[in-house]
Amino acid sequence: MDIALPTRRDVLGALAGTLLLGDVARADAARRRREHFLFGSPVRLIARGGEATLDAVMAELALIHREWNAWKPGGELGRLNAALRAGRAAPASVPLQQMIAMSTRLERDSFGFFNAGIGAAVGGWGFHDDVMRPGDAPREAERRHWRAASPSLAQLELRGGLVASRNPVLQLDFGAVAKGVAIDRALDRLQAAGVHDAIVDLGGNLAAMGHTVEAGRPRPWQIGIRDPHEPGVIATLAPRGREAVVTSGSYERWREVDGQRVTHILDPHTAAPAAAWVSVTVLHPSAAFADAAATALLVAGPQRWRRVAERLRVTQVLAIDGDGRGEVSGALAPRLQFADAATRRRMTIV
Ligand code: ADP
Ligand code: MG
């Protein structure tokens, strides 16, 4: 079994987003558990059966992590981004082509609040570093340049396995969707190997299928949605069938810029960090979809998220603001057990 040594990001990751609750740490679970550290987050895989598959699944996750890092030059995405900057075409594997196609649709259906073409602005704000150092905001001229260039995946052309761009400012960054894609891949693989009960937890984004077993009896997985303002969970829920619970949190990864905390999630329309919601949780059968949607809704903020959710056809949403007040969609509300009555009173069902 592989267990990564705890690092600072491990501890941070353990605080992120969504938590797996319940008695899953029993010693006899060790054989069917794998833990790694990928995508800047701890990865946990727990499955009943399919032991031989677990290592293959982890290897695949590690491959996605390596090849689709937006800023490390060694991977496929790094090479493609270098070519796009230079105005050249570059080859893309079939999985990368699929990722581009899916992200193009998600950009369109989220009114551009999710936009995987804003890698230049994400890097410019300092979020393409492994360590988040305090620093200055990008100059206004630079921000104007990103806004004016208005990168969109619709500007990509795919011919004979080659990807080219009409916009040299377009840099691909799948940070808001790749973890979801990886989670879906992991469950697909396990399902194909005949596994029915499993959970994949990638730094607080998770998807479950089937049941866990406690005291010899099947029980639903229990998932906690972290309170973005204090230690502990704001609500718990049991996933249904195969379902992902993904949280995008502006508190999770941030830098101090000009003395203020700014989040790694940007509004593609302004090239500035998103400021309104502090965390958005989305439930959906597809983790990739939930991941991209949670990011889009967080950026859209209180005034616009419902319109975006409607267009994306996302119905199960919990959004929390900087004062700890929140909105929960009518479809999700009955499924949530809030931590206490005061927390529930701060939520509006919409
Ligand atoms: P996390 O990775 O912490 O779960 P997200 O899923 O919201 O959070 O992804 C944020 C990452 O996605 C950022 O680090 C950046 O690489 C990229 N990103 C930031 N803003 C956007 C956006 N509006 N649309 C698409 N990708 C974004
Ligand atoms: Mg996301």
Side-chain angles (χ1 to χ4, degrees), residues 68-71 77-90 92 96-128 136-159 162-178 248 250 253 255 257 262-277 280 288-289 291-312 314:
W68 293 359
N69 187 306
W71 69 92
L77 189 60
R79 288 192 295 276
L80 176 56
N81 274 336
L84 297 180
R85 278 197 300 277
R88 283 187 281 109
L96 182 54
Q97 291 176 33
Q98 287 166 345
M99 182 79 139
I100 291 172
M102 180 178 66
S103 298
T104 307
R105 285 194 301 274
L106 284 162
E107 180 190 323
R108 183 195 64 202
D109 292 343
S110 69
F111 300 106
F113 286 109
F114 166 86
N115 183 342
I118 60 165
V122 175
W125 276 96
F127 291 112
H128 282 172
D136 301 329
R139 285 176 296 114
E140 184 47 42
E142 211 171 349
R143 287 162 63 176
R144 253 200 317 275
H145 173 63
W146 295 325
R147 281 197 298 270
S150 182
S152 162
L153 267 60
Q155 296 153 345
L156 290 178
E157 279 155 28
L158 181 67
R159 246 181 253 124
L162 288 178
V163 177
S165 166
R166 287 179 265 128
N167 183 350
V169 180
L170 193 164
Q171 289 284 283
L172 292 166
D173 177 337
F174 294 116
V177 67
S248 205
S250 61
R253 193 167 151 84
R255 276 180 77 213
V257 171
V262 300
T263 175
H264 65 311
I265 302 169
L266 305 185
D267 183 341
H269 305 104
T270 61
W277 293 127
V280 172
F289 198 90
D291 193 358
T295 303
L297 300 182
L298 187 131
V299 179
Q303 308 304 326
R304 301 172 295 198
W305 77 265
R306 279 190 269 174
R307 180 84 195 87
V308 180
E310 211 171 286
R311 172 100 179 254
L312 284 168
V314 167

Measure the spacing between CD of Gln97 and CG of Leu162 and express it to the nearest 0.5 Å. 9.0 Å
Approximate separation, where rounding is to 0.5 Å, of Ser110 OG and Leu297 CG: 8.5 Å
Pairwise side-chain contact, Arg143 with Trp125, heavy-atom cut-off 4.5 Å (strictly under): yes
Nearest heavy-atom approach of Pro151 to Ile118 is CG-CG2, 4.4 Å
What are the two closest non-hydrogen atoms of Gly119 and Asp173, and how far apart are they? CA-CB, 3.7 Å
What heavy-atom pair brings Ala300 and Val308 nearest, and what distance separates the two atoms? CB-CG2, 3.9 Å
With under 30° as parallel and over 60° as perpendicular, where do the rings of Phe174 and Trp68 fit, or are they tilted in between? tilted
Reported CG-to-CD distance for the pair Asn167 and Gln155, which is rounded to 0.5 angstrom: 4.5 Å
Met99 and Leu77, any side-chain heavy atoms less than 4.5 Å apart: no
Minimum heavy-atom distance between Thr104 and Ala154, given as atom pair plus value: CG2-N, 4.3 Å
Is it the case that more than 12 heavy atoms not belonging to Glu140 sit under 6.0 Å from its CD atom? yes
Using every non-hydrogen atom in the two residues, find where Leu312 and Phe289 come nearest and quote the distance to one decimal. O-CZ, 3.1 Å
Rounded to the nearest 0.5 Å, what separates atom CZ in Arg166 from atom CG in Leu84? 12.5 Å
For Leu153 and Leu172, run side chain to side chain contact (heavy atoms under 4.5 Å, CB included): C-alpha distance rounded to whole Å, both residues' side-chain angles, the deciding distance at 0.1 Å, then the answer. CA-CA 8 Å; Leu153 267 60; Leu172 292 166; 3.8 Å; yes
Can you sort out the partners of His128 under ring pair (Phe, Tyr, Trp, His ring centres under 6.0 Å), two or more places apart, ordered by chain and number? Trp71
Please name the pair of heavy atoms, one in Ala70 and one in Asn81, separated by the smallest distance, quoted to 0.1 Å. O-ND2, 3.4 Å
Output for pair (Leu298 CG, Ser248 OG), nearest 0.5 Å, gives 5.0 Å
Reported CD-to-CG distance for the pair Glu310 and Asp109, which is rounded to 0.5 angstrom: 12.5 Å
Tell me, please, which residues at least two apart from His269 pass ring pair (Phe, Tyr, Trp, His ring centres under 6.0 Å). Phe113
In chain order, what residues pass the ring pair (Phe, Tyr, Trp, His ring centres under 6.0 Å) check against Phe127, with sequence neighbours excluded? none
Min side-chain heavy-atom separation Ile100-Val163 under 4.5 Å: yes
For a 4.5 angstrom cut-off between non-hydrogen side-chain atoms, does Phe111 reach Arg304? no
